[in-house]
Number of protein chains: 2
Amino acid sequence: MMSEKTVARLSLYRRLLKLFSDENRHEVYSHQLAEVVKVTPAQVRRDLMVLGYNGIPKRGYEVAKLTECIDKFFNVSKGIGIILVGVGNIGRAMLSYFREGKPYINIVAAFDLDPDKIGRVISGCQCYHIESMPKFLNDNKIRTAILTVPVGQAQGVAEFLIQNGIKGILNFTPARLKLSADVFVEDVDITMHLEKATYFSSIVTK
Amino acid sequence: MMSEKTVARLSLYRRLLKLFSDENRHEVYSHQLAEVVKVTPAQVRRDLMVLGYNGIPKRGYEVAKLTECIDKFFNVSKGIGIILVGVGNIGRAMLSYFREGKPYINIVAAFDLDPDKIGRVISGCQCYHIESMPKFLNDNKIRTAILTVPVGQAQGVAEFLIQNGIKGILNFTPARLKLSADVFVEDVDITMHLEKATYFSSIVTK
DNA sequence: TAGATTGTTAATCGATTAACAATC
DNA sequence: TAGATTGTTAATCGATTAACAATC
């Protein structure tokens with residue numbers, strides 16, 4: 001089983017490789033990736049080993065082939081469809097964010113309760129009533145959802161999601177979801193991140 | 001020096017304590033906090049030890065006093081002012097998010113380049129031209145900034161921020177900032193989080 | 001008292017790094 | 001060849017947990 005940190009780093013390497021590719025660089029060394037991601041070159045080599053693609057001593061890794069391997073690891077070719085639940089401020093920001101320049105992950109539908117939002121197209125994404133979600137998920141074989149509902153509704157909506165086949169949730173609410181162990185929850189706890197930033201910015205006086 | 005993880009957990013404990021307080025619970029055990037945060041009770045006790053407030057065997061921790069200690073740890077009493085740079089979709093979402101129910105952290109000003117935004121009040125926050133930032137930071141002794149500019153401008157704006165006294169950045173851009181070591185950067189890498197969620201939701205079939 | 005929880009340390013665990021033979 | 005980088009493992013490091021005496 002792949003560690004969460006390795007997966008997170010592979011996502012970063014992927015982005016860096018795109019930059020190298022844009023600059024027409026054909027090879028990259030482990031220490032070049034390591035510098036940006038702030039790990040040792042050995043760690044990078046270790047991460048890349050799991051992809052089953054080998055670098056060449058003295059030449060490094062071929063940018064194109066390595067990109068292909070990481071894309072394969074993340075199943076890019078399939079084109080991943082996800083849904084978003086809760087079209088509030090953060091929900092709309094995410095619809096806009098993932099509309100641009102994320103070619104393989106697409107938010108294919110948004111769901112809400114607010115009659116003002118239902119039926120509208122927001123940042124290119126159709127907004128439906130949450131009641132129509134079960135049928136939608138079943139028809140489209142969606143496994144991942146972005147959760148941007150108000151905190152009080154988070155647990156209930158999350159349970160509703162997994163009842164309908166969702167296996168992974170990107171949780172932007174501050175709620176700590178209690179769900180069965182076979183569901184993956186990635187928390188993005190914005191308040192916590194900001195409290196960390198304010199805490200450390202006040203003590204780094206030195 | 002406090003570990004980042006400990007600070008992150010203290011932020012979570014703080015929120016949980018507020019919930020306990022709302023329920024009129026006066027005491028809390030380490031294992032009750034541990035369950036929600038998904039660590040062992042020993043870890044919770046260890047985290048709380050650093051606050052210099054002791055629990056009582058058999059009775060646990062007093063919710064009110066413990067809250068007070070964590071608030072003190074995060075310097076709540078001071079009322080922390082932060083700024084936001086880049087009033088795009090995510091920037092506006094953050095302005096709205098931190099306007100509600102975050103009593104001690106306030107976004108006191110937003111900055112942008114877009115003439116359409118400058119001079120407006122967005123989610124209760126005044127929007128200024130980025131040129132007026134140095135004076136504002138100096139007058140108001142701000143140390144923390146939320147960075148929500150387009151990725152291509154992130155590094156430049158971040159350098160501008162630290163030139164003007166910012167010591168901590170909450171970075172919502174996918175850029176990996178290269179800054180001096182005495183600046184704290186908290187990355188919120190949304191694409192990476194989503195890629196993690198999609199990866200793990202596709203392999204938890206079991 | 002008996003039983004449960006605390007503060008605290010030693011042991012454990014897992015992730016990271018140093019190191020090095022192999023290789024281009 | 002000489003020098004640099006790779007794949008890989010043993011050593012290191014730091015964070016977490018188990019364990020237990022002290023305590024209410």
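Being a predicted model, the structure only gives us computed values, none of them experimental. In what follows, chains are A, B, ... by sequence order, proteins preceding strands, each numbered from 1.
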(request) Give one of base, sugar-phosphate or nothing for A:R59, where a contact means two heavy atoms less than 4.0 Å apart. (result) nothing
(message) Tell me the interatomic distance from B:L48, atom CG, to C:dG7, atom P, rounded to whole angstroms.
(response) 8 Å
(message) Could you tell me if A:Q163 and A:E159 have a donor-acceptor pair between their side chains, going purely by distance under 3.5 Å?
(response) no
(message) Please determine whether a side-chain nitrogen of the Lys or Arg among A:K18 and A:D22 lies less than 4.0 Å from a carboxylate oxygen of the Asp or Glu.
(response) no
(message) Counting only side-chain heavy atoms from C-beta out, which of D:dA15, D:dG7, C:dT5 sits nearest to B:H31?
(response) C:dT5
(request) Kindly indicate, with the supporting measurements, whether the criterion salt bridge (Lys or Arg N to Asp or Glu O under 4.0 Å) is fulfilled by A:D47 and A:K5. (result) CA-CA 10 Å; A:D47 289 336; A:K5 292 200 174 181; over 6 Å; no
(request) Consider the side chain of A:Q43, meaning its heavy atoms from C-beta on, and name the nucleotide among D:dA15, C:dG7, C:dT16 that approaches it most closely. (result) C:dT16
(message) Could you check, using the six-membered ring where one of them is a Trp, whether A:Y29 and A:Y61 have ring centers closer than 6.0 angstrom?
(response) no
(message) Closest approach to the side chain of B:Y61, judged atom by atom: which nucleotide of C:dT5, C:dG7, C:dT16 is it?
(response) C:dG7
(message) Looking only at the side chain of B:I56 (C-beta and beyond, no hydrogens), which of the listed nucleotides C:dT6, C:dA19, D:dC24 gets closest?
(response) D:dC24
(message) Using a 3.5 Å limit on both distances, find every run of at least three consecutive Watson-Crick or G-U pairs that involves DNA chain C.
(response) C:3-24 with D:3-24
(message) Tell me if a side-chain donor or acceptor on B:N75 pairs with a main-chain N or O of B:K78 at a distance below 3.5 Å.
(response) no
(message) Heavy atoms from C-beta onward define the side chain here; which of D:dT17, C:dT16, D:dG7 lies closest to that of B:R46?
(response) D:dT17
(request) Ignoring backbone atoms, establish whether A:R9 has a side-chain N or O less than 4.0 Å from OP1 or OP2 of C:dT16. (result) yes
(request) Measure from NZ on A:K58 to C1' on D:dT5 and round the result to the nearest Å. (result) 8 Å
(request) Could you please name the option among C:dA18, D:dA15, D:dT6 that lies closest to any side-chain atom of A:S30? (result) D:dT6
(message) Please confirm whether the ring centroid of A:Y199 lies under 6.0 Å from the ring centroid of B:F73.
(response) yes
(message) Please report the distance, rounded to the nearest Å, between CD in A:E62 and P in D:dT5.
(response) 17 Å
